[in-house]
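Working notes for the structure below.
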Protein chains: 2
Amino acid sequence: MARKTGSHSDITGPRVRAAALRLFAAHGFAAVSMRQIAAEVGVQAGALYLYTPDKQSLLFDLLREHMQEVLDAWAAEEKPDGPINQLETFTRFHIRFHLERPEQVFISYMELRNLEQDNFKALENMRRQYENSLEAILKRGQDEGVFDVDDTKLTTLALIAMLNGVTSWYKPDGRLSLSRVETIYSDMAGKAVRMPRWKERQRKLEAGRAAE
Amino acid sequence: MARKTGSHSDITGPRVRAAALRLFAAHGFAAVSMRQIAAEVGVQAGALYLYTPDKQSLLFDLLREHMQEVLDAWAAEEKPDGPINQLETFTRFHIRFHLERPEQVFISYMELRNLEQDNFKALENMRRQYENSLEAILKRGQDEGVFDVDDTKLTTLALIAMLNGVTSWYKPDGRLSLSRVETIYSDMAGKAVRMPRWKERQRKLEAGRAAE
DNA sequence: GTCTATAAACCGATAGAC
DNA sequence: GTCTATCGGTTTATAGAC
């Protein structure tokens, strides 16, 4: 039964991509050779070119599909009412989604510079689109007076950077559970942007005085 | 006067390191060849080995010196009294120091994985030492009841990740000045960890009741 | 679909002339 | 201190047998 050659296009294709993902994440795109990827899959280097036109496309496809997954998953997420709850939903979603895909996340911000210009721009647009969905929540909260944010764009980037940081230390069997980590980050994000109660009171006081 | 060879040890050495820094930051350690570095300096590849035993040492020295600079600069920074002011001092210091050295910061977290194990561990210890100086501030604030932090270690990492994020978008001639950016981040960090006023009042209330 | 073999170029590092 | 030349090995990608 065992044979060395045969038709495995539908199986080998995904395996090539999985091996590339693992190796790029572990050693970096530039440091990984096509021969290493082939060895990981169990084929010869030449066979890889049946599944990708070149090494660059292998990287770009991995990054593009990851970003598309993020966008689709967030679009499918059920959104509660009100910016405060939406911010919690976003932070929890972001942390959970990213911790479930450590390798994709890692290469998504480590290997961007190895992309050719056009590929880089395509990825950057998708990333900006995702950031905009958080900024929209902050803007709404700002308009409704429940958030007190100095600059929504800057705050968006600061929050996402903070949330991304979790991927660099979290271990699934560490001392903190996933939901516990979600809660802590979500609380910090909320405290960082929410209108303080004393400011809210002052605002209402002034509004009342103006109404007299 | 012009001659092609001569004694330039004291000049060429730093130029090699500067070229390596620039190229590693721009293209990544693994993607940069010794020949490229030599070309940037204006010497032949062989001449580089007068200034570094090998490529790995070139990277390690850059990273180690950067971390040492961070530690020295923070040690030299004048510290105000009280955790609240110290947190502001730390956030402003961190942002300013890192924005002044974008290339060093970039390679310091992008190229860690290209270090051999011993070199990596040495760097990691220095990084942890720096993190500890922030965690000490949070712990003191927690003990004094002015901070309300769930987990000082996790919060330390979250704050540093947030602050580091600034290096990925800040442009010196952008719409926000450096001191403005410092203020916004410092405010966010403060709000994220400070004991809320209502909680503080409740705490004092309970303390008063217990004293009866 | 996978293999072997190979082209053409590049790599890090060293030797030895000047 | 810098050069040229080179060793021994690697790289991406392709050609052609099976």
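Throughout, a chain's letter reflects where its sequence line sits, starting with A, and its residues are numbered from 1.
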Would you give a per-nucleotide map of nucleotides 10-16 of chain C, 5' to 3', where B means the base has a protein non-hydrogen atom under 4.0 Å away, S means only the sugar-phosphate does, and - means neither?
-BBBB--

Checking B:E135 side chain against B:T155 main chain: does a donor-acceptor pair fall under 3.5 Å?
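Pair absent, no side-chain N/O of B:E135 close to backbone of B:T155.
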
Which residue pairs pass the ring-ring contact (aromatic ring centres under 6.0 Å, His included) test when at least one of the two sits in residues 21-42 of chain A, sequence neighbours left out?
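The answer is A:F24-A:F29.
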
Is the A:Y170 to A:H98 ring centre distance short of 6.0 Å?
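A:Y170 vs A:H98: aromatic centres not under 6.0 Å.
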
Atom-pair distance (CD on A:Q44; C1' on D:dT14), nearest Å:
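Rounded to the whole Å, the gap is 15 Å.
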
Value in whole Å for how far the P atom of D:dA13 lies from CG of A:L58:
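Whole-Å distance recorded here is 10 Å.
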
Nearest heavy atoms of A:D151 and B:I184, plus distance in Å:
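Scanning both residues completely, I find the closest heavy atoms to be CB-CD1, 4.4 Å.
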
Determine whether the side chains of B:S179 and B:R96 contain a donor N or O and an acceptor N or O closer than 3.5 Å.
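No, no side-chain donor-acceptor contact under 3.5 Å.
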
Listed nucleotide nearest any side-chain atom of A:V43, set D:dT4, C:dC3, C:dG1
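Among the listed nucleotides, the one closest to the side chain of A:V43 is C:dC3.
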
